[in-house]
Amino acid sequence: MKYFTKDWYDEMQVSGFLVLPESEEDWEEELEYYSKEGKDLRELNLRNLDDMRESLLRFLPESFYPYIHDGTLVTEYPTPELRMLVNRWERDYQRRMEELSDQYELHLDSIKAELPPAAVEFVENGLHDAVVVSIERPSEDQLVLRLDCSGGFHYFTDVRFTFEGVTYSDIPADFKGAWWLYDEIYKTADGFELHTLFDSPMTETVIRARDVKVEQLKLPLLRRFQKWVRRR
């Protein structure tokens, strides 16, 4: 993957982690709320900081390190200096992410006419949050991927993707339950190459194929209702 990689995703999590309270009053109210629930917000934040430590040290500049090492990044109301550091880093991060997104859109537009129509359909519709139901290899050059798209942003039902003319695939055999996060597609001499970032487990996969067939296996509830209404 060249755009939406695991590193790209990990840095996104860092950005989501660096959410500072808007005001000291908000901070005190949150502390009080957790205290009434019998929880220590500072302790919970420190646990989350430990989980994120590796990524924070990898993606943030050294000026953040003292706040990470002593825990004040998440245990105290941010100082003006810390807020300035966070705002500066976030501005740079947002600029870089927007540039990356624009670059990929230009890339996709430049190859769209040369890709199989079905491949264009599913990358444009988006499969974010689809869940892997099954993976089959009926033959050496065919791969069948079934996804539950009911919780996604398109299809809203189970969908079968049959990749034809497969020359390479590195999807794990035992991949049931993995979540489709992001994808990117490239033109090859005789088809396309699809790169996908999955979660649970966090994995980057590649499928190189000549074509793909998209089949919706169940009608979404709305369409079933509409057909029922038409029959009455």
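Computation of the quantities below employed the complete heavy-atom set of this structure, encompassing side-chain atoms and omitting hydrogens, waters and symmetry-equivalent molecules. Along the sequence shown, residues are numbered consecutively beginning with 1.
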When you group the ILVMFWY residues by side-chain heavy-atom contacts below 4.5 Å and let the links chain together, are [Y] and [X] in the same group?
X	Y	result
Val120	Phe153	no
Ile185	Val206	no
Met84	Val14	no

Just jot down the salt bridge (Lys or Arg N to Asp or Glu O under 4.0 Å) partners of [X], sequence neighbours excluded, or say none.
X	answer
Arg95	Asp92, Glu99
Glu76	Arg42
Asp50	Arg53
Lys213	Glu215

Looking only at non-hydrogen atoms, find the nearest pair between [X] and [Y] and report the distance.
X	Y	result
Glu22	Arg83	O-NH2, 4.3 Å
Ser15	Gln94	OG-NE2, 4.2 Å
Gln142	Thr162	NE2-CG2, 3.7 Å
Gly126	His154	O-CB, 4.0 Å
Phe59	Asp7	CZ-O, 3.4 Å

For residues [X] and [Y], determine if any side-chain heavy atom of one lies less than 4.5 Å from a side-chain heavy atom of the other.
X	Y	result
Ile207	Tyr168	no
Glu90	Leu18	yes
Asp40	Ser35	no
Arg146	Val159	no
Glu29	Pro21	no

Glu105 atom CD, over 12 foreign heavy atoms within 6.0 Å: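 Yes, the 6.0 Å shell around CD holds more than 12 heavy atoms from other groups.
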Where at least one partner belongs to residues 126-138, residue pairs that pass salt bridge (charged side-chain N to carboxylate O under 4.0 Å, His left out), sequence neighbours excluded: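 Listed by first then second residue: nothing to list.
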Could you tell me the separation between the [atom1] atom of [X] and the [atom2] atom of [Y], rounded to the nearest 0.5 Å?
X	Y	atom1	atom2	result
Glu11	Leu60	CD	CG	8.5 Å
Ser169	Asp141	OG	CG	12.0 Å
Cys149	Asp158	SG	CG	7.5 Å
Ile171	Ile135	CD1	CD1	5.0 Å
Leu20	Asp26	CG	CG	11.5 Å
Glu124	Leu115	CD	CG	9.5 Å

SB check Asp10 Arg58 (cutoff 4.0 Å):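 Salt bridge between Asp10 and Arg58, a charged N being under 4.0 Å from a carboxylate O: yes.
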Could you give the side-chain donor-acceptor pairs of residues 190-199 under 3.5 Å, partners two or more places apart or in another chain?
residue: Glu193; atom: OE1; partner: Arg208; partner atom: NE; Å: 2.6
residue: Glu193; atom: OE1; partner: Arg208; partner atom: NH2; Å: 3.0
residue: Glu193; atom: OE2; partner: His195; partner atom: NE2; Å: 2.6
residue: His195; atom: ND1; partner: Met1; partner atom: N; Å: 2.9

Tabulate below the donor-acceptor pairs under 3.5 Å that side-chain atoms of residues 63-74 make, not counting sequence neighbours, or state none.
residue: Tyr65; atom: OH; partner: Leu57; partner atom: O; Å: 2.9
residue: Asp70; atom: OD1; partner: Thr72; partner atom: N; Å: 2.9
residue: Asp70; atom: OD1; partner: Thr72; partner atom: OG1; Å: 2.6
residue: Asp70; atom: OD2; partner: Thr72; partner atom: OG1; Å: 3.4

Asn45 side-chain N/O to Thr75 backbone N/O, donor-acceptor pair under 3.5 Å: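 Not confirmed, Asn45 side chain does not pair with Thr75 backbone.
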Glu184 side chain to Lys2 backbone, donor-acceptor under 3.5 Å: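 Between the backbone of Lys2 and the side chain of Glu184 there is a qualifying donor-acceptor contact (under 3.5 Å).
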Residue of the set Leu217, Leu127, Leu147 for which side chain to side chain contact (heavy atoms under 4.5 Å, CB included) holds with Tyr155: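 Single pass found, and it is Leu127.
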Listed once per pair and sorted, the ring-ring contact (aromatic ring centres under 6.0 Å, His included) pairs that draw on residues 82-104, sequence neighbours left out: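 Residue pairs passing ring-ring contact (aromatic ring centres under 6.0 Å, His included), neighbours aside: Tyr3-Tyr104, Phe4-Tyr104, Trp89-Tyr93, Tyr104-His107.
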Members besides Leu31 in its Ile/Leu/Val/Met/Phe/Trp/Tyr cluster (side-chain heavy atoms under 4.5 Å):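 When side chains under 4.5 Å apart are linked, the cluster holding Leu31 also contains Trp27, Tyr33, Tyr34, Leu41, Leu44, Tyr77.
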ILVMFWY cluster membership beyond Val133 - transitive side-chain contacts under 4.5 angstrom: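 Its cluster partners, ordered by chain and number, are none at all.
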side-chain contact (heavy atoms from CB on, under 4.5 Å) between Val214 and Glu121, worked out: CA-CA 9 Å; Val214 181; Glu121 173 195 322; 3.9 Å; yes
Listed partners of Ser150 passing side-chain hydrogen bond (donor to acceptor under 3.5 Å, both in side chains), at least two apart: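 Per chain and number, Ser150 pairs via side-chain hydrogen bond (donor to acceptor under 3.5 Å, both in side chains) with Asp148.
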Do any side-chain atoms of residues 175-183 form donor-acceptor pairs under 3.5 angstrom with protein atoms, and if so which ones, sequence neighbours left out?
residue: Trp180; atom: NE1; partner: Asp183; partner atom: OD2; Å: 2.9

